[in-house]
Every structure is written in structure tokens, then in C-alpha cells.
Amino acid sequence: MEICVPVQIPIFQRWATAYAWVVKMDDDTNLPVRDEKGEYITTKTAGMPGTQVDVIRAVQAQNIFMVHVIDGIDMININHEGNGTSVKIPEGYVWASLDCVAIDLLCARYCFKTVPMREALKLKDENGWPTEFVHHVPVAIIDGKNIATEEDLDSPLFRYNLYHYAEARGVGQQKYYVVGWDALQRHHWLPWRVTWEG
């Protein structure tokens, strides 16, 4: 349930929601409002994906020129909480795009890809997966009377629908190609085309 504190000055968080269901709140008491049957008055929303897309569409509607830039240099591996177990890797890329859906999907694929492409494409076909961008993850198994860990494969793209939703709403597209310069290897990238089949 979203709790909104009554305010005199409108703020973004007052109407933007990450929740799929929003309860109508009384501005005077800050309590949920019920209908004549005693049921809470709720509104179904598109949740966080809807809020993200609404904000981007609002900016696009103002004809504001947007370049989306991602700094993937010095990627932090192992842990992202800064507790000392993180290991900085002095490599990575800087990407820029006029299409926020394409660049976000590229970044998701870059961050969550730990299986060589040839093997991943084979696994995709064998398992009927919607994507070949998978990574190794620990999974719990029962080992006699113990719980142990073994390695398996997963992808957040199996469950993440934002790219489809954003594309359907006209924010951007999932098909893209990558061109650029590799400063470490000192060569140009040929266009690398990617299509999403999920």
C-alpha cells in the first residue's frame, strides 16, 4: 500500500508509483478510503515499468534532445556494496545512444553474460529460452540432510518485461547495433547487430 503524506506543494512521488495497486487515501486523515460496501478503493497501475515509461515519454513529448550515456569502465565485480570484497576491474566500455531501451538492454546483456556465445546459443535452442544472455548463479540443492550449493544458469531477462513494455509504449526499441573503437585492442568494432526474440 502506498502511503502519501498530504502536502500543499505537489511533488513527483505523490502521484508516481512503483506499486501495481494504489489505495485511495483521504487527504485530511491520511487513511485509506472505503467505498459504500466497506471495500478499500484501489486503482490498478502499470507499477514501476509504467512510471519509468511515463517519465521518459513526458520528457520525449517536450522535444528535449536526450543522449543516454553509460560508463562501464572499472566495473565492480563480486559485490556492489563497497564492503571491501569488491574487486575493481580496469576495463569496460563507455556507450552512448539516442535510444534508452536499446542501451539499457545492451547493458543488461553486458552485465549478465558469463557464458560464451556459441554455448549460450546452443543452450537457448535446447531449452527454448527467450534469450541467449545467461550467467552462472549459485542454486541451493538438497544433499542428504544438508543444503548445499551448485552452479546453474539464469538470466534476469527471463522475467524482466520492461523492454517489451517500453517498446510497445513507443519509448524505444530492442533491436540495436553496436559500433565503436576498442582503445585496448586498438581497432574499430564492426557493426554488431542484436535482435531480441523474447
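Although no hydrogens or angles enter the test, the distance criterion places no donor-acceptor pair under 3.5 Å between the side chain of Thr149 and the main chain of Ala140. Side-chain N or O atoms of Asp26 include one that pairs as donor or acceptor with a backbone N or O of Asp28 at under 3.5 Å. With Asp143 contributing its side chain and Asn146 its backbone, the two residues share no donor-acceptor pair below 3.5 Å.
Taking each heavy atom of Gly50 and Arg169 in turn, the nearest pair found is O-NH1, 4.2 Å. Contact detail for Glu132 and Ala120: the closest heavy-atom pair is O-CB, 3.1 Å. Shortest non-hydrogen contact noted between Tyr163 and Ala108 is OH-CB, 3.5 Å. When every heavy atom of Thr45 is checked against every heavy atom of Trp21, the shortest pair comes out as OG1-N, 4.5 Å. Minimum heavy-atom separation, Leu98 to Met66: CD2-O, 3.5 Å. When every heavy atom of Gln173 is checked against every heavy atom of Asp99, the shortest pair comes out as N-OD2, 3.0 Å.
If you take CZ on Phe65 and CD on Gln60, they are separated by 12.5 Å, rounding to the nearest 0.5 Å. Annotation: the span from Glu119 atom CD to Glu126 atom CD amounts to 9.5 Å, rounded to 0.5 Å. From Ile64, atom CD1 reaches atom CD1 of Ile56 across 12.5 Å, with rounding to the nearest 0.5 Å. With values rounded to the nearest 0.5 angstrom, Met25 atom CE is found 9.5 Å from Tyr40 atom OH.
Surrounding CZ of Arg186 are at most 12 heavy atoms belonging to other residues, nucleotides or ligands under 6.0 Å away.
Side chains of Val67 and Ser97 form no contact here, defined as non-hydrogen atoms less than 4.5 Å apart. Side-chain contact between Arg57 and Asp54: absent, with no pair of heavy atoms (C-beta onward) separated by less than 4.5 Å. Leu31 is not listed as a side-chain neighbour of Val33, based on a closest heavy-atom distance of 4.5 Å or more. The shortest distance between side-chain heavy atoms of Leu153 and His135 does not fall below 4.5 Å. By the 4.5 Å heavy-atom criterion applied to side chains, Glu151 and Val137 are not counted as neighbours. Side chains of Phe158 and Thr131 form a contact here, defined as non-hydrogen atoms less than 4.5 Å apart. In this structure the side chain of Ile70 never reaches within 4.5 angstrom of the side chain of Val94, judged on heavy atoms. Using a 4.5 Å cut-off on side-chain heavy atoms (C-beta onward), Val69 and Trp95 make no contact.
The hydrophobic cluster around Ile147 extends to Ile142, counting ILVMFWY residues whose side-chain heavy atoms fall within less than 4.5 Å of a member.
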For the pair Val139 and Glu150, evaluate side chain to side chain contact (heavy atoms under 4.5 Å, CB included) and give the outcome as yes or no after the intermediate values. CA-CA 6 Å; Val139 293; Glu150 70 178 17; 3.8 Å; yes
Does Gln52 form a side chain to side chain contact (heavy atoms under 4.5 Å, CB included) with Leu162? I'd like the steps, not just the answer. CA-CA 9 Å; Gln52 290 174 288; Leu162 178 61; 3.5 Å; yes
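Linking ILVMFWY residues whenever their side-chain heavy atoms come closer than 4.5 Å, directly or via other members, places Leu121 and Leu106 in the same cluster.
Glu167 and Gln174 share a donor-acceptor pair across their side chains, judged by distance under 3.5 Å alone.
In summary, Arg159 and Asp154 engage in a salt bridge, as defined by a charged side-chain N under 4.0 Å from a carboxylate O.
Exactly one residue among Asp104, Val101, Val55 makes a side chain to side chain contact (heavy atoms under 4.5 Å, CB included) with Val171. That residue is Val101.
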